[in-house]
Amino acid sequence: MKTKISLFLVTALFCLSAVSSGSKATAQQSANPSAGAAADLVLTNGRVWLGGGSSLFAEAVAIRGNQIVRVGRAVEVKQLIDERTRVIDLGGKLAAPGFNDAHIHFLSGSLGLSEIDLTGAASVAEMIERIAAYARKNPGKQWITGRGWVYSPFPGGLPTKTYLDAVIKDRPVFLRAYDGHSGWANSRALQLAGITRDTKFDGYGEIVRNASGEPTGALKEGAQALVSRLIPEPAREQKLDALRQGMKMAASLGVTSIQNAGGSPEELSLYEELLKRGELTMRVSMAFPAGARTTPQEIDRFVALKNQYGLDPQTQTMLRAGSVKFVLDGVIESHTAAMIERYSDLPPNHGAPYGELAIPADIYGDLVARFDKAGFQIYTHAIGDRAAREALKAYEDALNVNKRSNARHRLEHIEVISPEDIPRFVKLGVMASMQPIHADPGTADVWSRAVGVERLKYAFAWQSLLSRGVRLVYSSDWPAAISVDPIRGLHCAVNRRGIDGQSPGDWPRGWVAEQRVSIGDALRAYTQAGAYSSFEEAIKGRIAPGMLADIVVFSQDLFKIDPMRIHETRVALTVFDGKVIYQDGV
Ligand SMILES: [Zn+2]
């Protein structure tokens with residue numbers, strides 16, 4: 001009997017080590033996740049969406065340490081409750097694996113949380129009111145910065161310094177447009193930057209001037225840097241504070257994992273510091289920026305960091321750094337995304353009617369092969385169908401040369417795709433990393449005109465990709481998108497209509513409605529697929545014994561409500577690493 005027990009324990013230990021997080025946190029776990037010892041936390045009387053497997057829902061989940069130890073009917077899980085167990089009654093609410101935001105710029109988004117947010121300000125008066133209020137509240141801020149203004153409220157479509165000077169004279173102000181392509185400065189900022197009527201700017205962009213040649217305070221594209229380079233870099237403590245604020249928001253939205261698309265070694269060190277202080281409340285996977293100017297020294301540094309925070313989920317569950325990100329083209333709206341056929345709304349004599357690649361294809365291909373050989377996972381920003389085609393070709397060439405399987409390379413955004421290229425994703429094992437909120441119908445009109453009716457069928461082609469077996473992973477691209485909230489993403493994914501129910505022009509059922517996905521598929525793309533993307537599908541992304549205890553509970557049942565009400569859903573509870581990090585309504 002004794003022998004039998006110890007054999008059982010050895011087997012259990014072995015099984016556990018194959019799925020456990022393996023971090024120091026696992027020391028608190030007992031040997032066998034399904035053994036009879038009491039749970040630390042039980043969520044019961046809920047509708048627990050498991051995210052995979054044959055039985056789709058359970059009623060209850062038991063958690064010990066940072067790990068899920070039992071999932072099943074409430075009566076089954078009850079056996080693990082003793083007087084020390086914290087029990088949370090979900091009252092029939094829906095629970096799911098914690099969200100994994102697979103493409104986000106978390107530090108810049110978090111830093112923006114303490115700046116002026118002009119998102120949604122529909123008039124100049126409203127913007128000025130927000131700006132003045134912020135300046136009053138932050139008397140010690142040397143620079144007043146922010147973003148989010150839109151062009152339409154300004155006469156002539158661009159803001160001027162006069163509006164700002166009327167409320168802030170003594171301190172420099174610099175505010176970026178919602179799309180990041182233009183900036184708005186006051187006179188003090190222009191003065192500090194030395195921008196006068198005599199200043200020449202030869203780069204890509206413009207110092208906007210009035211009829212008499214005076215700079216107006218609007219700066220386009222690269223000209224923004226004349227001012228923005230003067231803004232002091234936030235101190236490390238400030239960045240850590242911003243991340244704390246960002247993590248608090250993430251917790252309130254049920255986000256328990258992120259994949260940072262374009263972080264830096266310095267940013268990684270910030271997360272590491274938070275981890276050491278026991279403050280990190282999300283799992284972070286980092287992609288380093290790579291491009292034509294990447295130096296051999298940088299590559300060496302990335303390799304060293306990849307080895308330190310490698311792709312082995314047995315050793316590390318909190319921080320990973322095994323990816324690099326390329327930007328291969330621009331965006332559709334400004335006709336800089338690389339297209340196979342001409343843009344539909346450009347005049348016949350336009351100089352770049354197909355957009356263009358941001359990196360010459362041969363240089364990009366060489367770098368891809370190099371990073372692939374070094375064992376990196378590669379993300380490539382590819383918005384136009386030509387960029388997607390070039391990226392798939394580079395991945396295919398790398399596979400042929402390096403023979404590396406299971407690299408899980410990704411294409412980012414894929415706003416339009418040639419149907420011929422869709423089967424190549426599966427053949428090459430490439431993931432489609434997409435942001436449902438980018439397809440918010442609010443922005444669809446300009447986009448649709450540029451792409452034209454022919455190609456529109458494959459606009460944000462989630463369903464075409466999914467139905468061909470492509471692994472689709474969802475994310476926010478915050479702060480490049482208006483919202484980091486995965487619920488907003490789910491709403492767009494399922495409806496392709498705005499939260500007001502509106503759909504642009506000729507699309508009463510939703511914008512290119514045949515590309516809508518089911519709520520189950522959308523949730524999978526925000527959970528399980530994210531875990532797969534960071535090579536961690538054995539430890540997270542589903543609710544099952546042995547998985548890390550990262551769970552979100554919703555205010556309403558996403559599977560049962562009218563899909564047009566998805567956006568009203570709130571997070572009621574977030575459990576991260578076995579601990580409740582947010583609770584409101586259960
Ligand atoms: Zn991005």
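Just so you know, residue 1 is the first one in the sequence shown, and it goes up from there. As the structure lists them, so they are numbered: ligands from 1, and atoms in each ligand from 1. Values in this document were obtained by computation on a predicted structure and should not be read as measured data. All values below come from the heavy atoms of this structure, side chains included, with hydrogens, waters and symmetry mates left out.
- The six-membered or imidazole ring of F99 lies near that of F554, with a centre-to-centre distance under 6.0 Å.
- For the pair R320 and Y309, the NZ or CZ position fails the cation-pi test of under 6.0 Å to the six-membered ring centre and within 45 degrees of the ring normal.
- Note that K325 lies outside the cation-pi zone of F288, set by a 6.0 Å cut-off to the ring centre and a 45° limit from the axis.
- Below the 2.8 Å limit, the Zn ion (ligand 1) has as protein N, O or S neighbours H103 NE2, H105 NE2, D477 OD1.
- Q259 and S533 share a side-chain donor-acceptor pair at under 3.5 Å.
- With 3.5 Å as the limit, one finds no donor-acceptor pair spanning the side chains of R570 and S252.
- Judged as a side-chain hydrogen bond (donor to acceptor under 3.5 Å, both in side chains), and not counting sequence neighbours, the contacts of H413 are H381, Q435.
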